[in-house]
Trainee: 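Pasting in a structure now, in structure tokens, and then I'll have a few things to ask.
Predicted, not measured: the structure shown is a model, and the values here were computed from it. Each ligand, and each atom within it, is numbered from 1 in the order the structure gives. This chain uses plain numbering: 1 for the first residue, then up along the sequence.
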Amino acid sequence: MAQYKIAVVVGSLRKDSFNKKLALALAKLAPSDFLFEQVRIDDLPLYNQDDDGHPAEQVKRLKSHILESQGLLFVTPEYNRSMPGVLKNAIDHASRPYGQSAWAGKPAGVIGISVGAIGTALAQQHLRNVLAYLDVPVLGQPEAFVQAKEGVFNADGSAGDGIKKFLQGWMDAYVAFVKKPR
Ligand code: FNR
């Protein structure tokens with residue numbers, strides 16, 4: 001029985017997204033008391049403050065998913081040296097109405113994969129800024145900037161040999177961070 005439900009927010013809507021694959025590969029490295037579930041963000045309307053008083057069903061669903069979780073995992077690509085708009089849109093939705101943010105206090109991990117060697121570093125840094133404002137404690141170390149290259153994932157979706165040990169270390173630190181009493 002999972003004691004820690006983790007809401008996974010993937011910053012790419014692409015069918016064959018490397019980041020979605022990374023999220024799934026990471027989940028395989030977690031202990032059995034952790035359950036990772038991807039948050040749906042592809043059907044959210046564009047955030048409009050006029051709708052704060054009557055949020056769409058998809059927005060209510062998003063906020064419930066986050067509120068029911070014990071932790072967050074953001075797995076995001078970098079778009080033009082920042083986070084993708086779809087991710088920021090989801091963050092903005094669940095942060096409102098003012099004073100009713102779903103994010104506050106949920107421990108989070110931030111990680112990403114891109115085709116560039118240091119890709120996602122700037123996206124992650126921008127995301128960390130936003131999460132700091134939203135009162136989300138984020139795992140500081142280790143950082144993880146994964147490069148999408150041959151062999152990074154095995155055919156069964158698990159992490160490839162070249163990166164498995166590193167990702168296991170990251171997951172162990174993340175699990176300890178989520179479990180840390182606050
Ligand atoms: C990119 N890509 C990219 N990569 C990077 O390392 N830094 C960047 O700033 C950008 N910028 C960027 C903008 C836009 C609009 C696109 C579509 C792509 C390339 C990106 O790493 C690559 O498309 C990944 O495959 C995206 O992640 P997913 O969709 O595979 O998870």
Side-chain angles (χ1 to χ4, degrees), residues 5-30 34-48 58 61-62 65-66 69 71-95 103 106-134 136 138-171 173-174 178:
K5 280 202 273 182
I6 305 300
V8 182
V9 190
V10 176
S12 170
L13 306 184
R14 202 166 72 83
K15 186 162 52 68
D16 293 324
S17 162
F18 292 124
N19 284 277
K20 186 172 177 182
K21 288 179 184 164
L22 178 59
L24 294 171
L26 278 168
K28 291 179 191 283
L29 301 174
F34 272 62
L35 178 68
F36 290 77
E37 280 181 325
Q38 193 177 337
V39 175
R40 187 161 183 201
I41 64 168
D42 66 312
D43 62 346
L44 293 172
L46 288 177
Y47 177 76
N48 180 340
Q58 299 95 310
R61 182 198 64 212
L62 169 75
H65 191 153
I66 294 157
S69 71
L72 309 168
L73 176 62
F74 291 90
V75 191
T76 188
E78 181 170 279
Y79 277 5
N80 301 313
R81 295 288 180 248
S82 188
M83 75 186 90
V86 291
L87 174 56
K88 185 60 164 54
N89 188 52
I91 291 173
D92 291 342
H93 267 301
S95 72
W103 302 110
K106 304 280 180 192
V110 171
I111 192 167
I113 178 169
S114 84
V115 292
I118 60 130
T120 81
L122 280 164
Q124 290 190 38
Q125 208 55 50
H126 284 182
L127 177 55
R128 283 173 184 273
N129 251 18
V130 172
L131 296 175
Y133 174 72
L134 292 172
V136 172
V138 180
L139 175 69
Q141 294 290 343
E143 296 176 303
F145 312 116
V146 184
Q147 189 174 14
K149 52 185 177 188
E150 194 66 33
V152 71
F153 302 115
N154 295 323
D156 65 358
S158 59
D161 287 346
I163 197 159
K164 189 169 180 183
K165 195 171 164 212
F166 173 75
L167 288 183
Q168 186 66 66
W170 189 92
M171 177 53 72
Y174 173 74
V178 170

Trainee: Flag atom 23 (O) of ligand 1 as yes if some protein heavy-atom distance to it falls below 4.0 Å, otherwise no.
Mentor: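 Within 4.0 Å: no protein heavy atom nearby.
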Trainee: Considering only protein heavy atoms, which is closest to atom 19 (C) of ligand 1, and at what distance to one decimal place?
Mentor: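 The closest one turns out to be Val115 CG2, 4.0 Å.
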Trainee: Any idea which protein heavy atom is nearest atom 3 (C) of ligand 1, and the distance to it?
Mentor: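 Answer, as residue, atom name and distance: Glu78 O, 3.1 Å.
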Trainee: Looking at every non-hydrogen atom in both residues, tell me the closest pair between Pro45 and Asn89 and how far apart they are.
Mentor: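 That would be O-ND2, 3.0 Å.
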Trainee: Given 3.5 Å as the limit, does a donor-acceptor pair link the side chain of Trp103 with the main chain of Val136, or not?
Mentor: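 Judged by distance alone, no pair lies under 3.5 Å.
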Trainee: Taking atom NZ of Lys106 as the centre, does the number of heavy atoms from other residues, nucleotides or ligands within less than 6.0 Å exceed 12?
Mentor: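 Correct, the count exceeds 12.
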Trainee: Hey, which of Ile163, Val152, Leu167, Thr76 is the one that makes side chain to side chain contact (heavy atoms under 4.5 Å, CB included) with Leu22?
Mentor: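 That would be Leu167.
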Trainee: If you compare all heavy atoms of Arg128 against all heavy atoms of Glu143, which two are closest, and at what distance to 0.1 Å?
Mentor: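 Of all heavy-atom pairs spanning Arg128 and Glu143, the closest is NH2-CG, 4.5 Å.
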Trainee: Between ligand 1 and Ile113, is the shortest N or O to N or O distance under 3.5 Å?
Mentor: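 N/O-N/O distance under 3.5 Å: no.
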Trainee: N/O to N/O below 3.5 Å, does that happen between Asp16 and ligand 1?
Mentor: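 Between Asp16 and ligand 1, no N or O pair is found under 3.5 Å apart.
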Trainee: For Tyr79 and ligand 1, does the shortest N/O to N/O distance drop below 3.5 Å?
Mentor: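 Checking ligand 1 against Tyr79, no N or O pair falls under 3.5 Å apart.
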Trainee: Give me the nearest non-hydrogen protein atom to atom 30 (O) of ligand 1 as residue plus atom name, then the distance to 0.1 Å.
Mentor: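 Atom 30 (O) of ligand 1 sits closest to the protein heavy atom Arg14 NH2, 2.7 Å.
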Trainee: Could you check whether Asp16 pairs with Arg14 (Lys NZ or Arg NE/NH1/NH2 to Asp/Glu carboxylate O, under 4.0 Å)?
Mentor: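 No, this pair does not count.
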Trainee: Where is the nearest protein heavy atom to atom 25 (O) of ligand 1: which residue, which atom, and how far?
Mentor: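 Result for atom 25 (O) of ligand 1: Phe18 CD1, 3.4 Å.
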Trainee: Which of the numbered atoms in ligand 1 are under 4.0 angstrom from any heavy atom belonging to Gly119?
Mentor: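 Near Gly119, meaning under 4.0 Å from one of its heavy atoms, ligand 1 has 6 (O).
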Trainee: Purely on distance, is any nitrogen or oxygen of Lys20 under 3.5 Å from one on ligand 1?
Mentor: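 No, there is no polar N/O contact under 3.5 Å.
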Trainee: Would you list the pairs meeting salt bridge (charged side-chain N to carboxylate O under 4.0 Å, His left out) in which at least one residue belongs to residues 79-93, sequence neighbours left out?
Mentor: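 Every pair satisfying salt bridge (charged side-chain N to carboxylate O under 4.0 Å, His left out) with a residue in residues 79-93: Glu78-Arg81, Lys88-Asp92.
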Trainee: Where is the tightest heavy-atom contact between Gly11 and Val86, given as atom of each residue plus distance?
Mentor: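 Residues Gly11 and Val86, closest heavy atoms: O-CG2, 3.6 Å.
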Trainee: Which residue and non-hydrogen atom of the protein lie closest to atom 21 (O) of ligand 1, and at what distance in Å?
Mentor: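 The protein heavy atom lying closest is Ser114 CB, 3.2 Å.
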Trainee: How long is the gap from NE2 on His93 to CD1 on Ile41, to the nearest 0.5 Å?
Mentor: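 The distance works out to 10.5 Å.
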Trainee: Relative to ligand 1, is Arg81 under 4.0 angstrom through side chain, backbone, both or neither, heavy atoms considered?
Mentor: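 The part of Arg81 near ligand 1 is both the backbone and the side chain.
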Trainee: Can you name the atoms of ligand 1, numbered from 1 with element, that are less than 4.0 Å from a heavy atom of Asn19?
Mentor: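 Result: 27 (O), 28 (P), 31 (O).
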Trainee: Please list the nearest protein heavy atom to atom 11 (N) of ligand 1 with its residue and the distance rounded to 0.1 Å.
Mentor: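 The closest one turns out to be Asn80 N, 2.8 Å.
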Trainee: Please confirm whether Ser17 comes within less than 3.5 Å of ligand 1 when only nitrogen or oxygen atoms on both sides are compared.
Mentor: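 Yes, there is a polar N/O contact under 3.5 Å.
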Trainee: Verify the distance criterion only: is there a donor paired with an acceptor across the side chains of Ser158 and Asp156 at less than 3.5 Å?
Mentor: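 Their side chains do contain a donor-acceptor pair, which is all the 3.5 Å distance test asks for.
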Trainee: First locate atom CD1 of Ile113, then atom CZ of Phe145, and finally report the distance between them rounded to the nearest 0.5 Å.
Mentor: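 One gets 13.5 Å once the value is rounded to the nearest 0.5 Å.
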Trainee: When you measure from atom 26 (C) of ligand 1 to every protein heavy atom, which one gives the shortest distance, and what is it?
Mentor: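 Ranked first by proximity to atom 26 (C) of ligand 1 is Pro77 CB, 3.6 Å.
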Trainee: Below 4.0 Å, non-hydrogen atoms only: which portion of Ser12 touches ligand 1? Side chain, backbone, both or neither.
Mentor: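 Side chain only.
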